[in-house]
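So the structure is just underneath, and the comments pick up after that.
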Amino acid sequence: MTRESENEKNGLHLNVNAEQAFTEPWCELKVRDKFIDKRSCHAACVYNDKLYVYGGSDLNQGIFHDFNYIEINEEFTLSHWKPVKTKTKANPGPRSRSATILVGDNW
């Protein structure tokens, strides 16, 4: 099985700009193991070489409220998704079609 078909099987089709969206080529990030559930309409942000993903939706599973990250290395290969540990158990709840904004070092 090729990596592309593995990624599609696991619901991951992730193309992320490695440098700048309009001047540099795009590349596919390759996840080595442990996928999160497939989703669309999620909020995502890259900060300190980590890709953060919150919420999103899947037609069969509904709207998600999980918050995960994955580290991006120089070869643009990824190890595995990990849950973000927060100071409290409170979160915004299920979200789909939302956005993230990073201001300075704050979410």
Side-chain angles (χ1 to χ4, degrees):
M1 182 179 286
T2 67
R3 178 52 116 181
E4 182 174 325
S5 58
E6 282 180 45
N7 286 344
E8 288 176 7
K9 175 184 162 226
N10 289 301
L12 179 74
H13 185 71
L14 181 67
N15 285 323
V16 175
N17 183 339
E19 293 293 326
Q20 296 191 356
F22 301 106
T23 59
E24 299 293 325
W26 287 62
C27 67
E28 181 178 354
L29 300 179
K30 302 198 183 314
V31 177
R32 286 181 254 162
D33 60 13
K34 193 176 178 190
F35 294 91
I36 58 175
D37 292 321
K38 66 180 181 175
R39 64 194 64 213
S40 62
C41 304
H42 54 277
C45 183
V46 175
Y47 177 67
N48 283 343
D49 299 324
K50 293 177 184 168
L51 172 63
Y52 293 88
V53 172
Y54 186 85
S57 61
D58 175 74
L59 289 175
N60 296 319
Q61 296 185 54
I63 299 175
F64 297 107
H65 62 90
D66 56 341
F67 191 20
N68 299 285
Y69 75 94
I70 195 163
E71 294 182 35
I72 304 170
N73 65 26
E74 291 179 9
E75 292 83 35
F76 300 105
T77 57
L78 311 170
S79 57
H80 61 274
W81 290 96
K82 300 174 188 173
V84 172
K85 294 180 182 172
T86 58
K87 294 179 183 177
T88 68
K89 292 188 179 197
N91 71 34
R95 293 285 185 270
S96 181
R97 299 180 186 268
S98 59
T100 58
I101 296 175
L102 180 66
V103 178
D105 286 335
N106 301 307
W107 280 81

Give the minimum heavy-atom separation between [X] and [Y], together with the two atoms involved.
| X | Y | answer |
| --- | --- | --- |
| Q61 | D37 | OE1-OD2, 3.5 Å |
| F64 | K38 | CE1-O, 3.6 Å |
| S96 | C41 | OG-CB, 3.3 Å |
| Y54 | P92 | OH-CD, 3.3 Å |
| V46 | L51 | CG2-CD1, 3.8 Å |

How long is the gap from [atom1] on [X] to [atom2] on [Y], to the nearest 0.5 Å?
| X | Y | atom1 | atom2 | value |
| --- | --- | --- | --- | --- |
| S57 | R95 | OG | CZ | 13.0 Å |
| K50 | I70 | NZ | CD1 | 12.0 Å |
| E71 | N48 | CD | CG | 10.5 Å |
| F67 | K85 | CZ | NZ | 14.0 Å |

Quick one: do R39 and D66 make a salt bridge, cutoff under 4.0 Å?
yes
Do Y52 and I63 belong together in a cluster built from hydrophobic side chains that touch within less than 4.5 Å?
no
H65 atom NE2, over 12 foreign heavy atoms within 6.0 Å
no
The residue among T100, V53, I101 that forms side-chain contact (heavy atoms from CB on, under 4.5 Å) with C45 is T100
